[in-house]
Amino acid sequence: MHATLRDFEGKVALVTGAGNGIGKETAFQLAVRGAIVGVNDLKPEFVLPVVEAIVQSGGQAFAVIQNIASREGITAAVEQAHQKHGRLDILINNAAWVRYQSLPDILPETMDRMLDVGFKSVIWGMQAASNLMDPIRGGAIVNVASTAALRSAPNSVVYSGIKAGILGVTRAAAAELGSRHIRVNAVCPSAVPTEGTQRNRNAERDAQRAAHTPLGRLGTVEDIAKGICFLASDQANFMTAQAMVLDGGVTFTNL
């Protein structure tokens with residue numbers, strides 16, 4: 001962690017799926033900017049090292065060990081974050097469980113788990129958080145979608161459908177929650193190297209993706225976390241119902 005803006009000073013944030021990847025980096029960036037961060041993931045061995053690293057670096061964080069793949073689980077996570085410091089200002093719906101399968105090979109149990117973790121938890125999380133955010137102070141919700149919501153590839157029917165759905169529920173929630181001073185936005189990252197995406201990546205494919213990206217490289221977890229933090233911050237206090245595309249320009253160009 002290093003010195004930067006302190007624009008989240010005193011605010012309480014919850015980041016789901018923060019044991020690694022984009023969620024972990026987002027938790028760090030929120031903390032270095034002053035937020036008190038609830039680090040959520042499924043198991044203690046995912047969560048506790050992140051909390052410890054943030055605290056050792058001078059930030060404030062606490063563990064929220066919950067399986068958010070059910071309404072009860074994500075509600076418990078949100079309530080735990082709220083109870084810890086008596087407020088909840090920011091929710092980052094980042095958690096996902098992803099498997100790529102061709103259309104004939106999609107299995108019910110695969111689809112169900114992807115929907116539970118990556119889509120239903122977003123809705124239940126927004127429901128729980130909006131009930132607890134201060135009606136005067138308001139809050140910010142950022143949902144992690146994907147460029148797959150805008151431009152799809154083979155073997156991604158369920159994944160692309162979920163991420164497109166996230167954009168839809170983001171806009172609908174923004175329309176509904178604006179009167180309560182709660183902003184709801186989404187980010188759409190392109191392929192970003194993380195622990196979770198390692199199984200679907202190789203050096204040749206990464207090189208091809210970089211070659212077709214106007215900025216000439218793949219994104220990083222730091223790139224995505226910066227976008228998330230911007231949307232959660234007061235710098236974006238007139239932005240809601242938006243989908244920020246973080247992809248180096250690849251989605252809307254043809255190199």
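The ring pair (Phe, Tyr, Trp, His ring centres under 6.0 Å) search around His212 returns none, not counting sequence neighbours. For Ile136, the side chain to side chain contact (heavy atoms under 4.5 Å, CB included) criterion is met by Asp134, not counting sequence neighbours. Tyr159 pairs by the ring pair (Phe, Tyr, Trp, His ring centres under 6.0 Å) definition with Tyr100, not counting sequence neighbours. Judged as a salt bridge (charged side-chain N to carboxylate O under 4.0 Å, His left out), and not counting sequence neighbours, the contacts of Lys11 are Asp234. When the salt bridge (charged side-chain N to carboxylate O under 4.0 Å, His left out) test is applied to Asp112, no partner is found at least two apart in sequence or on another chain. Shown here are the side chain to side chain contact (heavy atoms under 4.5 Å, CB included) partners of Ser102, two or more places apart in sequence or in another chain: Pro104, Asp105, Asn155. For Glu72, there are no side-chain hydrogen bond (donor to acceptor under 3.5 Å, both in side chains) partners at least two apart in sequence or on another chain. Partners of Phe46 according to the ring pair (Phe, Tyr, Trp, His ring centres under 6.0 Å) rule, which considers only residues two or more places apart in sequence or in another chain, do not exist here. In this view, Glu204 satisfies the salt bridge (charged side-chain N to carboxylate O under 4.0 Å, His left out) rule with no residue, not counting sequence neighbours. For Asp89, the salt bridge (charged side-chain N to carboxylate O under 4.0 Å, His left out) test picks out Arg87, Arg137, with sequence neighbours left out.
At distances below 3.5 Å, at least one donor-acceptor pair connects side-chain atoms of Ser70 with backbone N or O atoms of Gly73. One N or O on the side chain of Arg6 and one on the backbone of Val32 form a donor-acceptor pair closer than 3.5 Å. Here the side chain of Asn67 pairs no donor or acceptor atom with the backbone of Leu42 at under 3.5 angstrom. Looking at Arg183, its side chain does come within 3.5 Å of a backbone N or O of Leu231 through a donor-acceptor pair. Although no hydrogens or angles enter the test, the distance criterion places no donor-acceptor pair under 3.5 Å between the side chain of Gln60 and the main chain of Gly10. Without hydrogens or angle criteria, Thr213 side chain to Leu215 main chain gives no donor-acceptor distance under 3.5 Å.
Rounded to the nearest 0.5 angstrom, Met111 CE and Asp116 CG are separated by 11.5 Å. For the atom pair SG of Cys188 and CD of Gln242, the computed distance is 11.0 Å after rounding to the nearest 0.5 Å. To the nearest 0.5 Å, the span separating CG on Leu177 from OG on Ser130 amounts to 5.0 Å. Separating the CG atom in Asp41 from the CG atom in Asn20 is a distance of 6.5 Å, to the nearest 0.5 Å. A distance of 8.0 Å separates CD1 in Ile228 from CG in Leu246, rounded to the nearest 0.5 Å. Here the straight-line distance linking atom CZ of Arg180 with atom CE of Met133 works out to 10.0 Å at 0.5 Å rounding.
For the pair Asp223 and Arg217, the salt-bridge criterion is met [side-chain N within less than 4.0 Å of a carboxylate O].
With no hydrogens or angles considered, no side-chain donor-acceptor pair links Gln83 and Glu79 at under 3.5 Å.
Side-chain contact check for Phe230 versus Asn185: every heavy-atom pair is 4.5 Å or farther apart. Using a 4.5 Å heavy-atom cutoff, the side chains of Ile90 and Phe8 are in contact. Side-chain contact between Val51 and Val47: present, with at least one pair of heavy atoms (C-beta onward) separated by less than 4.5 Å. Under the 4.5 Å side-chain criterion, counting only non-hydrogen atoms from C-beta, Val78 is in contact with Leu14. For the pair Asp247/Pro189, no side-chain contact is recorded, criterion being any heavy-atom separation below 4.5 Å from C-beta on. Between Gln101 and Thr110, the closest side-chain pair of non-hydrogen atoms falls below 4.5 Å. Using a 4.5 Å heavy-atom threshold, the side chains of Ile162 and Leu115 count as touching.
Nearest heavy atoms, Asp7 versus Ser233: OD2-CB, 3.7 Å. When every heavy atom of Ser190 is checked against every heavy atom of Val250, the shortest pair comes out as CB-CG1, 4.3 Å. Val192 and Thr220 get closest at one heavy-atom pair: CG1-C, 3.5 Å. Of all heavy-atom pairs spanning Gln29 and Glu222, the tightest one is NE2-O, 3.4 Å. Smallest separation of non-hydrogen atoms from Gly17 and Asn94: O-ND2, 3.0 Å. Summarising the geometry of Ala18 relative to Val39, their closest heavy-atom pair is CB-CG1, 3.7 Å, with the distance given to 0.1 Å.
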Subject >> Glu52 and Leu48: CA distance, side-chain angles, deciding distance, side chain to side chain contact (heavy atoms under 4.5 Å, CB included) verdict >> reply: CA-CA 6 Å; Glu52 182 179 2; Leu48 298 181; over 6 Å; no
Subject >> Derivation of the side chain to side chain contact (heavy atoms under 4.5 Å, CB included) call for Asn93 and Val142 >> reply: CA-CA 6 Å; Asn93 280 311; Val142 183; over 6 Å; no
Original post:
Is there a side chain to side chain contact (heavy atoms under 4.5 Å, CB included) between Ile106 and Val157 once you walk through the steps?
Top reply: CA-CA 9 Å; Ile106 296 171; Val157 168; 4.1 Å; yes
**OP:** Decide side chain to side chain donor-acceptor pair (under 3.5 Å) for Ser156 and Ser152; before the verdict, give the C-alpha distance in whole Å, the side-chain angles of both, and the deciding distance to 0.1 Å.
**Re:** CA-CA 7 Å; Ser156 64; Ser152 298; 4.7 Å; no
Subject >> Stepwise side chain to side chain contact (heavy atoms under 4.5 Å, CB included) test for Asn40 and Val15 >> reply: CA-CA 6 Å; Asn40 163 258; Val15 185; over 6 Å; no
Going by atom type alone, with no hydrogens or angles, which donor-acceptor pairs under 3.5 Å involve a side-chain atom of residues 165-174 and a protein atom two or more places apart or on another chain?
residue: Thr170; atom: OG1; partner: Asn143; partner atom: ND2; Å: 2.9
residue: Thr170; atom: OG1; partner: Ile166; partner atom: O; Å: 2.7

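Sorted by first and then second residue, the pairs that involve residues 59-87 and meet ring pair (Phe, Tyr, Trp, His ring centres under 6.0 Å), not counting sequence neighbours, are Phe62-His85.
Within 6.0 Å of NZ on Lys24 lie no more than 12 heavy atoms contributed by other residues, nucleotides or ligands. Surrounding CD of Gln127 are more than 12 heavy atoms belonging to other residues, nucleotides or ligands, all under 6.0 Å away.
Note on Val245: it does not cluster hydrophobically with Val184, by side-chain heavy-atom contacts below 4.5 Å among ILVMFWY residues. No single ILVMFWY cluster, assembled from side-chain heavy atoms under 4.5 Å apart, contains both Val98 and Leu150. By the criterion of side-chain heavy atoms lying less than 4.5 angstrom apart, applied directly or through intervening Ile, Leu, Val, Met, Phe, Trp or Tyr residues, Leu107 is not grouped with Met114; the two fall into different hydrophobic clusters.
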